[in-house]
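Reading through the structure tokens given below for one structure.
In what follows, every chain begins at residue 1, and chains take the letters A, B, ... in the order their sequences are listed. Treat the numbers as computed from the prediction; the structure is a model and nothing was measured.
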Amino acid sequence: MKHWLLKSEPSVFGLEQLRAAPKKTTHWDGVRNYQARNLLRDEIQVGDEAFLYHSNCAEPGIVGILRVVRSGYPDHTAFEPGHDHHDPGSTPENPRWYMVDVQLVRALKRVITLEELRAHQEQKLRDFQLLRRGNRLSVMPVSDVHWRFILSRE
DNA sequence: GCCAACGTTGGC
DNA sequence: GCCAACGTTGGC
């Protein structure tokens with residue numbers, strides 16, 4: 001089982017919406033970056049766990065734990081004209097974008113903030129992709145060592 | 001294939 | 001709202 005980090009702006013979709021969703025499950029749609037797409041399509045497996053990260057908000061940080069309940073399948077929001085995530089270059093016959101389904105396992109007892117993660121950048125969280133300068137990936141792998149360390153901070 | 005222009009991301 | 005970093009686009 002692998003670990004991941006999924007990034008989302010809470011004003012668009014975050015912990016609260018996930019909590020309110022039926023079975024606390026949702027499809028993770030709207031990823032429009034090829035590197036992240038490849039992970040969603042090829043790498044992420046049912047049973048994998050992921051941190052939910054809130055970005056572009058007052059307190060950016062890790063807020064919860066998700067479980068992957070369906071592995072990569074075409075992101076149908078790309079097929080819908082008028083949808084925010086519509087992409088005429090993606091068709092059901094030849095889909096360009098993929099998504100997975102995730103279920104909320106639990107919220108963290110407290111937010112592990114970006115600031116706090118940064119404080120460990122030189123030691124325990126060396127090479128943590130989230131902390132790379134200018135990192136913009138919305139889906140990224142988390143090593144087992146980093147995963148366990150972050151959870152131990154909770 | 002190069003690279004400038006442009007749009008988006010995301011911390012602050 | 002600002003702006004640095006980065007990905008994508010499109011002319012050549």
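Residue A/Leu40 comes nearest to A/Val100 through the heavy atom pair O-CG1, 3.8 Å, listed as atom of the first residue, atom of the second, then distance.
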Steps toward salt bridge (Lys or Arg N to Asp or Glu O under 4.0 Å) verdict (A/Arg110, A/Glu154): CA-CA 7 Å; A/Arg110 65 183 189 87; A/Glu154 185 184 9; over 6 Å; no
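Sequence order on DNA chain C of the closest nucleotides to A/Arg32 and A/Arg133 puts A/Arg133 first from the 5' end.
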Protein-proximity profile, nucleotides 1-6 of chain B, B/S/- by nucleotide at the 4.0 Å heavy-atom cutoff, equals ------
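For A/Asp29 and A/His85, the side-chain atoms include at least one donor-acceptor pair closer than 3.5 Å. A/Asn38 and A/Tyr98 form no side-chain donor-acceptor contact under 3.5 Å, judged by distance and modelled atom types alone. Using a 3.5 Å distance cut-off with no hydrogens or angles, the side chains of A/Asp48 and A/His3 do not pair a donor with an acceptor.
Within the structure, the ring-ring contact (aromatic ring centres under 6.0 Å, His included) test picks out the following pairs touching residues 29-71 of chain A (sequence neighbours left out): A/Tyr34-A/Trp97, A/Phe51-A/Trp147.
A cation-pi arrangement is not found for A/Arg132 relative to A/Phe128, the charged atom failing to lie both closer than 6.0 Å to the ring centre and inside a 45° cone about the ring normal.
The number of heavy atoms from other shown groups lying within 6.0 Å of CZ (A/Arg96) is above 12.
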Pairs: protein N or O with nucleotides 7-12 of chain B N or O, under 3.5 Å:
residue: B/dT8; atom: O2; partner: A/Arg136; partner atom: NH2; Å: 2.9
residue: B/dG10; atom: OP1; partner: A/Lys7; partner atom: NZ; Å: 2.8
residue: B/dG10; atom: OP1; partner: A/Arg136; partner atom: O; Å: 3.2
residue: B/dG11; atom: OP1; partner: A/Tyr53; partner atom: OH; Å: 2.7
residue: B/dG11; atom: OP2; partner: A/Asn56; partner atom: N; Å: 2.7
residue: B/dC12; atom: OP1; partner: A/Arg118; partner atom: NH1; Å: 3.1

